[in-house]
Amino acid sequence: MQPSPITLGRHIIEEEHRHHPTTGELSRLLMQVAFVAKILAPEIGRAALVGQLGLVGEKNPTGDSQKKLDVFANQTAVEAFAETGLVAGLVSEELAEVKHIATGAQAKYWLFTDPLDGSSNTDINGSMGTIFGVYRCDGGQSVGDSTPLLRKGATQVVAGYVLYGTSTMLVYTSGHGVNGFTLDRELGEFLLSHENIKCPARGRYYSANLGHFYEWAPGVRKYIEYVEESDLPTGRPMGLRYSGALVADLHRILVDGGIYLYPADSAHRDGKLRLTYECAPLGFVVEQAGGRASTGRKPILEIEPESIHQRSQIAIGSSQDVLMFEKFVAEAKGAAQ
Ligand code: FBP
């Protein structure tokens, strides 16, 4: 262990003092996210032993079959913030509407979250994650009206994810670089393990569900053919890695470089992933680490959402790889005109 390990709590407070002179709400909010992760990590680990595998028989607001762990993760997040007065409300993949928090009348922030990312991995012992994005309240939100809180991802004050993999990690940015913390289960503390993460400009891996290849637009298919061609000087063919959990694929890309794609296909005309609680928070993290996040045509962080469960196409990762993808999309569009 490092001579004097830096805990998440200490790091956040120092970061807040340096960049967000407030009364500590942001630190307490992030510590509450870490608290949720400390509850979810062991529950995910023992899910097979405590009847937490499988489906609950319901669908979530975007039509996915809900897993028991989806419901547990969502409940844990809602309860963890219910009594804190830290957030005015919470938007979750598992909740149809904005959850206004009674104690949040004076709160300064909104929380957007995908409580359990990669839920198709729950029963196969695969990696999963939690995604979060935080926006400042600007007041004037009335109960039931979500419009005022729909803002472009570039206005987030904090964003990050938790990865439940071989170890449990929390990676966050408050707009001043990206840092990663590993959960020391004995201490019950997240300790700084990945300081000032920089996403390599180019990577060796691409992540995409190739099962949809023939449904993708010509520009997307041409890009995949390009990365699969053999040309060692340009680092091709790239290796295919697709874990079934965006957070796990994204973490690899932050550390090793590469690109994750989820374009439109016949079942997902606007892409599959949700803009406000999947694409925007991860886009903020990746761009803070020097990477890039776009729809293939437009920066993810510049999209003004129209609804809380809006979907978006996404290409995210190393700046050079995403730029190359955008070039293929633009050329195909040009050729089609
Ligand atoms: P969930 O948040 O519902 O898990 O959905 C997102 C996700 O599972 C990503 O983590 C993953 O990359 C992708 O969907 C997998 O989708 P598909 O099975 O269509 O390839």
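One-based numbering, in listed order, for ligands and for the atoms of each. All of these numbers come straight from a predicted model, not from anything done at the bench.
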Item to complete: May I ask you to say whether D256 pairs ionically with R241, meaning some side-chain N is under 4.0 Å from a carboxylate O?
Response: no

Find all protein N or O atoms under 3.5 angstrom from an N or O atom of ligand 1 and list the pairs with distances, or write 'none'.
residue  : atom   : partner : partner atom : Å
ligand 1 : 2 (O)  : E93     : OE1          : 3.1
ligand 1 : 2 (O)  : D114    : OD2          : 2.9
ligand 1 : 2 (O)  : E278    : OE2          : 3.0
ligand 1 : 3 (O)  : E93     : OE2          : 3.0
ligand 1 : 3 (O)  : R274    : NH2          : 3.4
ligand 1 : 4 (O)  : G118    : N            : 2.7
ligand 1 : 4 (O)  : S119    : N            : 3.0
ligand 1 : 4 (O)  : S119    : OG           : 3.3
ligand 1 : 5 (O)  : R274    : NH2          : 3.2
ligand 1 : 10 (O) : D117    : OD1          : 2.7
ligand 1 : 10 (O) : D117    : OD2          : 3.3
ligand 1 : 10 (O) : L246    : N            : 2.7
ligand 1 : 12 (O) : L246    : N            : 3.3
ligand 1 : 12 (O) : Y260    : OH           : 2.7
ligand 1 : 14 (O) : K272    : NZ           : 3.0
ligand 1 : 16 (O) : K272    : NZ           : 2.9
ligand 1 : 19 (O) : Y262    : OH           : 2.6
ligand 1 : 20 (O) : N209    : ND2          : 2.8
ligand 1 : 20 (O) : Y242    : OH           : 2.6

Worksheet item: Heavy-atom distance under 4.5 Å between the side chains of V322 and I316, does that happen here?
Response: no

Worksheet item: Does some side-chain heavy atom of Y205 sit less than 4.5 Å from a side-chain heavy atom of L240?
Response: no

Fill in: Residue pair E306 / L150, side-chain heavy-atom distance below 4.5 Å
no

Worksheet entry | Main-chain N/O of K59 paired with S65 side-chain donor or acceptor, under 3.5 Å | no

Fill in: E225/K222 salt bridge by N-O under 4.0 Å criterion
no

